[in-house]
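Quick notes on the structure that follows.
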Amino acid sequence: MTEGTTSAATEGGDTLTRLEQEGEIAADYLEGLLDIADLDGDIDMDVEADRAAVSIISDAGSRDLQKLVGRDGEVLEALQELTRLAVHRETGDRSRLMLDIAGYRAKKRAELSELGAKAAAEAKSSGEPVKMKPMTPFERKVVHDAVKAAGLSSESEGEEPQRFVVVLPA
């Protein structure tokens with residue numbers, strides 16, 4: 001191996017190690033929260049798309065865990081931010097960690113991918129930009145990815161919390 005590939009491989013390994021460490025810190029933090037709330041759940045850690053991904057799952061049905069998701073994922077978003085802050089406190093680095101509870105984000109991702117594909121099809125057939133409803137950053141990212149996979153481009157417009165995606169025709 002050349003020196004350039006060695007350092008690139010080392011950098012990739014360092015990134016993976018750092019993301020795994022983020023996942024472990026997040027898992028410890030979330031286990032503490034589950035204990036305080038007296039909720040049962042197993043924690044699964046992974047690295048997806050250069051981010052630590054942590055999921056709380058339950059075999060005993062996810063009814064109790066739904067409390068941690070909240071209406072439209074609001075509690076989940078807040079817990080994700082708190083978990084990112086806990087990781088930041090331990091590592092000193094900003095975290096882009098993604099948290100999923102009871103499969104909420106996975107289900108939401110599938111719905112949003114379909115919505116993005118439909119908006120892309122509409123933009124292709126009409127030749128006009130398609131404006132979507134306001135979305136969270138997570139939701140916009142999923143829609144942008146779906147539009148890109150359909151061969152079109154998109155952009156976000158507006159100010160939070162009313163920021164939305166516009167799908168552009170070819």
Side-chain angles (χ1 to χ4, degrees), residues 9-119 132-150 154 156 158-165:
T10 302
E11 187 176 297
D14 289 346
T15 299
L16 181 61
T17 302
R18 181 180 52 78
L19 293 174
E20 288 171 344
Q21 178 190 17
E22 280 187 23
E24 289 173 19
I25 294 166
D28 290 344
Y29 177 76
L30 292 166
E31 284 200 14
L33 284 176
L34 289 174
D35 287 345
I36 291 168
D38 195 27
L39 296 173
D40 290 328
D42 295 322
I43 303 203
D44 183 37
M45 296 179 295
D46 201 2
V47 173
E48 299 172 0
D50 293 331
R51 304 182 161 202
V54 179
S55 300
I56 301 175
I57 53 178
S58 175
D59 295 334
S62 57
R63 193 142 185 92
D64 280 345
L65 291 182
Q66 289 305 314
K67 297 173 188 173
L68 297 178
V69 173
R71 187 174 54 95
D72 296 328
E74 290 173 339
V75 176
L76 171 59
E77 290 290 333
L79 285 173
Q80 177 175 277
E81 284 307 309
L82 288 172
T83 305
R84 286 177 174 177
L85 287 171
V87 170
H88 180 267
R89 186 185 67 223
E90 292 289 321
T91 65
D93 295 326
R94 181 180 173 274
S95 174
R96 294 177 52 233
L97 174 131
M98 288 297 291
L99 175 63
D100 192 6
I101 299 174
Y104 176 83
R105 276 202 204 274
K107 181 180 166 202
K108 190 80 170 169
R109 183 177 279 122
E111 292 170 0
L112 289 165
S113 291
E114 187 177 324
L115 186 66
K118 285 180 181 177
M132 304 181 78
K133 67 178 182 57
M135 298 178 187
T136 67
F138 162 76
E139 293 169 334
R140 290 193 310 269
K141 169 77 168 100
V142 174
V143 170
H144 285 305
D145 290 347
V147 169
K148 184 176 180 181
S154 57
S156 292
E159 298 293 323
E160 295 293 351
Q162 297 300 314
R163 200 154 167 79
F164 60 94
V165 174

Quick one: pull up [atom1] in [X] and [atom2] in [Y] and give me the separation to the nearest 0.5 Å.
{"X": "Thr136", "Y": "Asp72", "atom1": "OG1", "atom2": "CG", "answer": "10.0 Å"}
{"X": "Leu19", "Y": "Asp46", "atom1": "CG", "atom2": "CG", "answer": "10.5 Å"}
{"X": "Leu33", "Y": "Leu82", "atom1": "CG", "atom2": "CG", "answer": "7.5 Å"}
{"X": "Tyr104", "Y": "Gln66", "atom1": "OH", "atom2": "CD", "answer": "9.0 Å"}
{"X": "Lys108", "Y": "Glu139", "atom1": "NZ", "atom2": "CD", "answer": "4.5 Å"}
{"X": "Glu31", "Y": "Ile56", "atom1": "CD", "atom2": "CD1", "answer": "9.0 Å"}

Taking the side chain as C-beta and beyond, is there a heavy-atom pair between [X] and [Y] under 4.5 Å?
{"X": "Thr83", "Y": "Leu97", "value": "yes"}
{"X": "Thr17", "Y": "Gln21", "value": "no"}
{"X": "Glu20", "Y": "Met45", "value": "no"}

Which atom of [X] lies closest to which atom of [Y], heavy atoms considered:
{"X": "Val69", "Y": "Ile101", "answer": "CG2-O, 3.6 Å"}
{"X": "Leu30", "Y": "Ile43", "answer": "CB-CD1, 3.7 Å"}
{"X": "Met132", "Y": "Phe164", "answer": "O-CB, 3.2 Å"}
{"X": "Leu99", "Y": "Leu76", "answer": "O-CD1, 3.6 Å"}
{"X": "Gly41", "Y": "Leu34", "answer": "O-CD1, 3.9 Å"}
{"X": "Asp50", "Y": "Arg96", "answer": "O-NH1, 3.5 Å"}

Okay, side chain of [X], backbone of [Y]: is any donor-acceptor separation there less than 3.5 Å?
{"X": "Arg140", "Y": "Met135", "result": "yes"}
{"X": "Asp145", "Y": "Ala149", "result": "no"}
{"X": "Arg163", "Y": "Gly158", "result": "yes"}
{"X": "Thr91", "Y": "Asp93", "result": "yes"}
{"X": "Asp100", "Y": "Arg105", "result": "yes"}

Checklist line | Heavy atoms from other residues, nucleotides or ligands near CD of Glu159 exceed 12 (cutoff 6.0 Å) | finding: no

Next item on the list: Kindly check if the number of other-residue, nucleotide or ligand heavy atoms within 6.0 Å of CG (Asp35) is above 12?
Entry: yes

Margin query: Distance alone, cut at 3.5 Å: any donor-acceptor contact between the side chains of His88 and Ser95?
Written below: no

Next item on the list: Give the C-alpha distance, both sets of side-chain angles, the deciding distance and a yes or no for side-chain contact (heavy atoms from CB on, under 4.5 Å) between His144 and Val165.
Entry: CA-CA 8 Å; His144 285 305; Val165 174; 4.0 Å; yes

Next item on the list: Indicate yes or no: does Asp14 engage Arg18 in a salt bridge with an N to O separation below 4.0 Å.
Entry: no

Margin query: Salt bridge check, Arg94 against Glu22: does any charged N sit closer than 4.0 Å to a carboxylate O?
Written below: no

Item checked: Derivation of the side-chain contact (heavy atoms from CB on, under 4.5 Å) call for Asp28 and Ile25 -> CA-CA 5 Å; Asp28 290 344; Ile25 294 166; 5.8 Å; no

Next item on the list: In sequence, state the C-alpha distance, the side-chain angles, and the governing distance for Asp40 and Asp64, and then conclude on side-chain contact (heavy atoms from CB on, under 4.5 Å).
Entry: CA-CA 8 Å; Asp40 290 328; Asp64 280 345; over 6 Å; no

